[in-house]
Amino acid sequence: MAAGIRDDSPSRHFRFPLHIHISTLFFLLVLMAGGSIAAFSYFRSAEMLERAAGDLLTRISRQTVAETESLLHPVEASVRLLALNAVSDARTLAERRVGLGALREALQATPSVSAYYVGYASGDFFLLMRLADDADRRLVGAPAGAAYLIQSIAGSQGLFIYLDADLHELRADPRPDYRRLYDPRQRGWYIQAQGSLEPVQTAPYLFASTHRLGVTVAHRVASGRAVVGADIRLATLDETLRRQRITPGSLLVLFDATQRVVACTEPGWLLPEAAGGSVERPRVAELTHEGLAALARQAPQSAEGGDQTLSAFDGAGRSWHGAVASLPVQGGQALSLGVAIPDDELLTDARSIRDRAILATLVVILLALPFTYGAARLVSRPIRELAREAAAIRRFDFAGEVVTRSVVREVDDLARDLASMKGSVRRFLDIASVMAEEPDFERLLPRLVDETVGVVGARAGVLYLARDDGDGLDAASVRDADGHSLPLADAPPGPAMASLVPEGERSGVGRAVGDLGGAGLFATLGTSAMAYLAVPLLDRKHDRVGLLVLWFDDAPDRDLVHFVEALSGSAAVSVETRSLIRAQKQLFEAFIQLMAGAIDAKSPYTGGHCARVLELTKMLARAACDATDGPYRNFSLDDEDWEAVHIAAWLHDCGKVTTPEYVVDKATKLEAIHDRIHEIRMRFEVLKRDAEIACWQAVAGGADPGTEQATLAASLAVLDAEFAFVAACNAGGEAMDPADVARLRHIATRTWLRTLDDRLGVSDDALRRMGPGPALPVCEALIGDKAEHRIPRSLEDAIPADNPWGFRLKVPELLYNRGELTNLCIDRGTLTEEDRFKINEHIVQTIRMLSELPFPRHLRAVPEIAGGHHEKMDGSGYPRGLTREQMSPTARMMAIADIFEALTAVDRPYKKGKCLSEAVGIMARMRDAGHIDPELFALFLQSGVYRRYADRFMARACVDEVDVAAMLAPAGADA
């Protein structure tokens, strides 16, 4: 029986094929049949309701036309009667007030009218307006209790008169500007009525009296001297439409041929009055309610009197049915009526029928559920359990055994196979995980043997590795079942064991006794004969890289052999991979040491610098890891961190490969590829020869020989002294006195005669800098700065401000300034500003070079560590101006190591090595100035790192005592 399965269920003898359980499909068939019936009922009912709604829309259209005409006909009759009234011919306000009773009766007879008025050909105007509520009174500024308003223009006088319900005057307000602001003869209703003998109806517009939107019915008096008008507010039509709603959520909109709204069931559809007293009626598609806007875009429009067909559309987050009908309104402009009905209200009955059908289906399903549940449970539960087991395997969760049982034969077989697979994969991954997690090659080998021996239950195991020359095998690890290492001498010889697996075979199985070469191993295990399993380890090219031999008390079965063979492939890949990684690391280590050695060897003055900085950085890092108190008590570095520090320290000056030797090793001010003091010496020699020639020419001309020779001796002495002074200036020093600079500049004013063209035999680049030469012979300064001395900086040498590395360096204008006078006047040392930048630039090149290398993840900190050793804690360092908080601890450690090594080195051309106490004192001042990390400097002293380094690398004469307590005291503290 396969490992991992317990066969303790009697149901195993009563298994049935899967087709017996097809009866469970009954549930699905009932569900599909009930759903189909419900869907058919729903769609048929919806179709019937849509037709009924279309018929209802036709009736609404006719009713709307009838109600609209019922609003207009009484108004038309009223304006006809008022046109015959005396008020239409009255000439004064008093005469017109006589007709107030008739106007009031007309208002009471037509509730839809808000005002009746008369516009006269003379420009006079007389209006009676109904004030129905407080809103109307506030609109016209009426006093409390006012029921009517008279707006009058008589002659040049404008007047507003407020009346109570009995037409008694409450207040009269003069309106001097009314005549100027309002002329009835310019109004649309007046002009339109003058052109017709019948009453006319205007398009909706903003009333001048109330600033409310409405339409006007107007009629010309027979004499033509006046027009009678009546204002109907569109709010009246809104109420008419609201009474025609089919359902509570239905939307109705009345609009004209231009799609502009005349009335709507939705409140607030009319935009507020615009500046200047004008208002623009929105189009239907511009209404804020998305349902009405969608109706105007999607619903079809029927002909007059035709049956209405509803169309479906979406809007305002709901589904709708709707249509647009033409309204044949007599006596007015052509109008259309749009109706939109929400589906959730229109199809309420259809959905009720559907829900009842679904309910009936559910009842049938519930009645059949007890009969189908039992069979479905027998099938689904084991499958679900196996699915969970498969999901666990997919998640690499191998805890527990597979104990699933099923009455279905196929499911039960699947459970047995899954249990066997789970155990095999678990054992395989356990070993693969161990091999993958161990990065160290030397520790990998015994762990590989231990895990394999433990998983397969062997007595012992031996791992052989192929020799580098490919000739034979050597035992690399011998382990017993308890994980104890056995002497390699006890292992059978490699070549003999390799012969146990002939070429072309995957493994070899047999029995061995002591005289076959394993006597030592057999004696250790306390037996004289064991079975073995020898499996070759093959790399990706199928070359043998090793041999794994496992020893058993009894011969292993076939399944175990196959398992070990599968395991050997993973083991071979792991061994090969770790071996390649180790070889690559060894190659990389050799390469970086080669690079560092080349850098140190490039200059005879910096030999061993990289190696010493590496050792000092590691000593300080170990002290930080060993600290039990202070700021570094929790500091630690793992193997990968140590590797990053190791590589960064070796390569921290790799950018120096780009720095010319004659800059790094510039021992004198005029030194370049050669020391140019010799050129100046030769010019002094020329001056001395010129002086001798002048002396003897004077003697030949009759001058006193003694006098001339004395003058010559004095001139030669001056020239010798001046050259000696120039040579001393060339040597450099701590500081140059201003008087010496003045003397140097005076000496430089001497001239000498050049008769040869200095442009001959030079490079094209030098020729471009020199320009055209002067006519020969020419007198030149003894010491000068020439154009060819100024070497410009190319674009490739520039460092833009937005560089990707974050460099913040002040870049000199020139690449090199080799002017003789400029160099000789250097205040301190031997370097010009350009030389110093070129030397400092090595760290820029270091960061650039290291940033381009494809470091693995655990070494990505190498550029940061290596590139920070010239930064200062206060941000004044270079090349990026980092502060302490922006640097890693290891980068700050390397900065201290680089400074201390530079101070104590005795191989620099520009200075002598400092003694130990002097170097520590200088670093203490650097700490106080914010240049180095104070905490690391304290650790550097307290841990004794400085002393251990001095004992190993400094000359005995330079190693003196250091007062650590005084050095740790802050600046200004008492000694």
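Using bins of under 30°, 30° to 60° and over 60° for the plane-to-plane angle, the ring pair Phe940/Tyr946 lands in the tilted bin.
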Show every donor-acceptor pair shorter than 3.5 Å between a side-chain atom in residues 862-869 and any protein atom, with sequence neighbours excluded, or say none if there are none.
from   : atom 1 : to     : atom 2 : distance (Å)
Glu864 : OE1    : Ser888 : OG     : 2.8
Glu864 : OE2    : Ser888 : N      : 3.1
Glu864 : OE2    : Ser888 : OG     : 3.3
His869 : ND1    : Ala866 : O      : 2.8
His869 : NE2    : Asp653 : OD1    : 3.4

Name every donor-acceptor pair, under 3.5 Å, that has one atom in a side chain of residues 621-634 and the other anywhere in the protein, sequence neighbours excluded.
from   : atom 1 : to     : atom 2 : distance (Å)
Tyr632 : OH     : Arg892 : NH2    : 3.3
Arg633 : NH1    : Gly630 : O      : 2.7

(message) Test side-chain hydrogen bond (donor to acceptor under 3.5 Å, both in side chains) on Trp650 and His646; report intermediate values, then the result.
(response) CA-CA 6 Å; Trp650 270 121; His646 178 81; 3.2 Å; yes

(request) Carefully, step by step, assess His609 and His652 under the rule side-chain hydrogen bond (donor to acceptor under 3.5 Å, both in side chains). (result) CA-CA 10 Å; His609 169 73; His652 78 282; 3.2 Å; yes

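With rounding to the nearest 0.5 angstrom, the OG1 atom of Thr890 is 10.0 Å from the CH2 atom of Trp642. Rounding to the nearest 0.5 Å places CE of Met849 at 7.0 Å from OG1 of Thr658. Atom CD of Glu901 and atom CG of Leu616 lie 8.5 Å apart (nearest 0.5 Å). Of the inter-residue distances, the one linking Lys656 atom NZ with Ile843 atom CD1 reads 9.5 Å to the nearest 0.5 angstrom. Atom CE of residue Met887 and atom CG of residue Asp933 lie 8.5 Å apart, to the nearest 0.5 angstrom. Taken from CZ in Arg459 to CG in Leu550, the straight-line distance is 13.0 Å, to the nearest 0.5 Å.
Proximity of Leu850 to Cys654: side-chain heavy atoms (C-beta onward) are separated by under 4.5 Å at one or more points. Trp551 places a side-chain heavy atom less than 4.5 Å from the side chain of Val462.
Minimum interatomic distance between Asp641 and Leu637 (heavy atoms only, all atoms of both residues): CB-CD2, 3.6 Å. Scanning both residues, Leu936 and Pro889, for their nearest heavy atoms gives CD1-O, 3.8 Å. Across every non-hydrogen atom of Ala534 and Tyr532, the tightest pair is N-CD1, 4.0 Å. Annotation for Leu859 and Glu640: closest pair CD2-O, 4.4 Å, computed over non-hydrogen atoms.
With Glu871 contributing its side chain and Arg880 its backbone, the two residues share a donor-acceptor pair below 3.5 Å. Of the possible polar contacts, none joining the Asp951 side chain to the Arg948 backbone as a donor-acceptor pair under 3.5 Å is found.
Considering Thr617, Leu620, Leu939 as possible partners of Ile896, the one that fulfils the side chain to side chain contact (heavy atoms under 4.5 Å, CB included) test is Leu620.
Heavy-atom contacts from other residues, nucleotides or ligands closer than 6.0 Å to CG of Asp639 number 12 or fewer.
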